[in-house]
Amino acid sequence: MIAFVVRRALLVVPTVLVVATCVFLLLRFAPGDPAVAILGDFATREAVEALRAKMGLNQPLWRQYVDFIGRLAKGDLGNSLVTGAPVSAQVARALPHTIALTLAGMVIGLVGGLPLGILSALKRNTVMDYLSRTMSLAGLSVPGFYVGILLMLLFGVHWKIFPVVGAGNPGDLGDVLRHLFLPAVSLGLLMMAYVTRSARSAMLNVLQEDFLRTARAKGLAEVAVLSRHALRNALVPTISVVSVYVIVLIGSSVMTEIVFSRPGLGKLMVDATQRRDYTTIQSVMVVYAAIVAIVNAVVDVVYGFIDPRVRYD
Amino acid sequence: MRTRGRTWATFTKNKSALVGGFTAALVVLVTVLAPFIAPHDPFAMDARNYLASPGGRHPLGTDRYGRDTLSRILWGGRVSLAVGLSAVGIGMCLGTSLGLIAGYRGGLLDLAIMRGVDVLLSFPGLITGLMVMAILGPGLVKLIVTIGIVLTPRFARVAYGPTLVLREKDFVAAARSIGSRGSRIVIRHLLPNILGEVLVMGTLWIGTAIIYEASLSFIGLGISPPTPTWGNMIKDGVQFVTFSPWLSIFPGLAILITVLSLNMLGDGIRDVTDPKLQV
C-alpha cells in the first residue's frame, strides 16, 4: 500500500510539468507580442523593448523555458507584470479562500446527494425518485454561476440574510463563515446534482446483484442487507465518479468566486486575464495543475484503499 | 427493420426523452425564426423605456439601453446554439479522429495521443477554456474553436474504448485480409460502428458547450456586446440585479430550458442505444 501511495504521489510531478510546459508554449506561440498586448498598440519601440527584456522575451526560447522551470522548482512563481508583486504571495493569499469554498461545496454535495441518490434508487419510480431525478438533471443543466446569482438574489438582496460580496473579515470566523455560506451552497447544489445521479445509478446496479438475494435468503434483516451489502458496494463506483466531479467543481469555483467577488484563485486568474498579466496567468495555471494533480492522486489512493483490486495493476 | 421499430418504440415510451426532444426542437425553431417572430429589433434602443419591467410592449422588460429582452433572448439563442453546435462539431471531428487513430494504430502513437488526452481530461474544461480565451482574446470564432478544443479529449475518450474492442473483431481482420488500407478500415468499418455512441455524447455535450459559452461570456472573455448571447446578457443584467433582476433571470432560464431538454433527449437516446438497459 505504501509503495502504491508513493508511486502515485510521484506521478504528480510529471503531470504538473506537462501542464507547465503546455502553458509556457501556448503563451509563447500565441499570436501577437505579449509586450505589445500589455502596453497597447501606441507604445514606443523603446518601451516595448524594455518590457520584453523585463519579461525575458528577448532570450532564446529554451533559455526562457529553463529559467521558468528552474524558478518553478524553487517555488518561485515570478512577479506580476502589472503590479510587480510576487505571484506566490498573491496565490498564498487566494488559495485558502478557494480551498475552503471547494471543500465546503463538496461536503454539501456529498451530504445532500448521497442519501438522496440512495433513497431515489430504493424508492425507484415513486414521486420521490422523479423529484430527485428532475432536480439533479436540472442541476446539471444550469450554469453554476446562474445558481449563484439566484441565491444571491433570494438570500442576499431580497431577504438580506447573508452577505454576498467578498470573503469577510479574516480575523472573525463567524463573518468568514457567513460569507462562505452562499457561494458554498451554490457550488454544493451543483455537486449534489452529480452525486445524486451517480449514487442512484450505482445503487440500482448493486440492487440487481445475486449476492443481495443470497444475503436475504440466509435471513439477514433488510437493513443489514442494504447497509452492509448494497451500500458499501455502491459506494465504490460512486466515489470514482465523484472524483471526476471534484475536478469539475474546481473549475466551477472560478465562476462562483467571480459572482460573489471572493478573492480566491479563480478571481486572481480572471483579474489577471483582464489585465493581460501573463506571468500571473501562467503561474496560476501551474498552481491549478498542481491542485488537480494532487486531488487526482488523493482520489486514486482513497480508491485503492476502498477497492483493493485497483492497487495491483 | 424490426430492431429499428423496437428502438423507436423504446424511445417513444420514454416520456422524458420525448419531452426533451420536443422542447429542444421548439428552442431551435424559435431561435431560427427569431428575425420573424421577435417583437422588436434586438439592437434598437428605446431611451425613454430603459430598465422597464416585464409586461406591456416589452413582455420580458428592457435593459439599460431600453433594448427588448425577449428579442435579445431570441437573437442571443441563435448565437448560443450556433456556438454549441459548431464547437461540438469541431470537438467531435478532431476527438473522434484522434480516438480512432490511437485505438486502431496502437503503439507509441496511441500512448502519445491518449496520455495527452488524459492530462487534458484531468483538467477542468472551464479553466482550460479560460486560459486559451485569455490568450486569444474575445470573439465568436475564437470561442467556438476554444470550446471545440476543450471538448476534443472527451470525444477521443469515447471513440477510443470501442475502437480497441472493434479492432480485434473478425470483420476487421477480413477487411485487412482482402487488402484494405488502414484509412479505409477506420473510415468504412470502425467509424460507422462507433458513430452512434459518439453522436449520443455529442447531444449531451451541446449543452456543456452552451454552458461554457455562457460562462466565458459572463467573465467577459467570450462574445462581447452588443452581440447578444445568453451569457453576456446575464453579465449585463447582474449590474442591475437589485432592481431589475429579470435581466439576468430570463436569459438564465433560456439556458436552463435548452440544456435541460438536450440532456433529457441525450439520456433518452442513450437508454435506447445502450443494450445493457434493454432487458
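In what follows, chains carry the letters A, B, and so on, assigned in the order in which the sequence lines appear, proteins first and then strands, with residues in each chain numbered from 1.
Nearest heavy-atom pair across A:Phe145 and B:Ala214 is CZ-O, 3.8 Å. Closest approach of B:Ser122 and A:Asn296 over heavy atoms only: CB-ND2, 3.4 Å.
No part of A:Val248 comes within reach of chain B, as not one of its non-hydrogen atoms sits under 4.5 angstrom from that chain. Using a 4.5 Å cut-off between heavy atoms, B:Leu253 contacts chain A through both its backbone and its side chain. Neither the backbone nor the side chain of A:Ile291 comes within contact range of chain B; no heavy atoms are under 4.5 Å apart. Looking at B:Met133, neither its backbone nor its side chain comes within 4.5 Å of chain A, counting heavy atoms on both sides. Heavy atoms of B:Ile234 lying under 4.5 Å from chain A belong exclusively to its side chain. Within the 4.5 angstrom heavy-atom criterion, only side-chain atoms of A:Ile149, from C-beta onward, approach chain B. Contacts of A:Met152 with chain B are absent, with no heavy-atom separation under 4.5 Å from either backbone or side chain. Using a 4.5 Å cut-off between heavy atoms, A:Ala289 contacts chain B through both its backbone and its side chain.
To the nearest 0.5 Å, atoms CG (B:Leu121) and CD1 (A:Ile247) are separated by 10.5 Å. In this structure, OH on A:Tyr146 lies 12.0 Å from CZ on B:Phe218, to the nearest 0.5 angstrom. One distance of note links CG of B:Asp118 with OG1 of A:Thr15; it measures 10.0 Å at 0.5 Å rounding. Between the CE atom in A:Met285 and the OG1 atom in B:Thr128 there is a gap of 5.5 Å [rounded to 0.5 Å]. Interatomic distance, A:Ser141 OG to B:Ile210 CD1, rounded to the nearest 0.5 Å: 10.5 Å. Here the straight-line distance linking atom CG of B:Asn263 with atom CG of A:Leu140 works out to 6.5 Å at 0.5 Å rounding.
Of the listed residues (B:Ala134, B:Pro124, B:Gly116), the greatest number of heavy-atom pairs within a distance under 4.5 Å of chain A belongs to B:Pro124. The candidate from A:Cys22, A:Gly144, A:Gly251, A:Gly156 with the greatest count of non-hydrogen atom pairs under 4.5 Å with chain B is A:Gly251. Taking chain B as the reference chain and counting heavy-atom pairs below 4.5 Å, the highest number among A:Val295, A:Val18, A:Leu137 is found for A:Leu137. Put simply, of B:Ser261, B:Ser248, B:Ser215, B:Gly207, the one with the most heavy-atom pairs under 4.5 Å next to chain A is B:Ser215. Contact tally against chain A (heavy-atom pairs below 4.5 Å) for B:Ile211, B:Leu262, B:Val119, B:Val238: the top residue is B:Ile211. Note on B:Leu126, B:Leu120, B:Leu256: by heavy-atom pairs under 4.5 Å with chain A, the leading option is B:Leu256.
The shortest distance between side-chain heavy atoms of B:Met131 and A:Met269 falls below 4.5 Å. Taking 4.5 Å as the limit, every side-chain heavy atom of A:Val142 sits out of range of all side-chain heavy atoms of B:Val259.
Counting heavy atoms of neighbouring residues, nucleotides and ligands inside a 6.0 Å radius, atom CD of A:Gln64 exceeds 12 of them.
Salt bridge status for A:Arg197 with B:Asp267: present, with a side-chain N to carboxylate O gap under 4.0 Å.
Formation of a donor-acceptor pair under 3.5 Å by the A:Gln274 side chain with backbone atoms of B:Leu221 is not found in this model.
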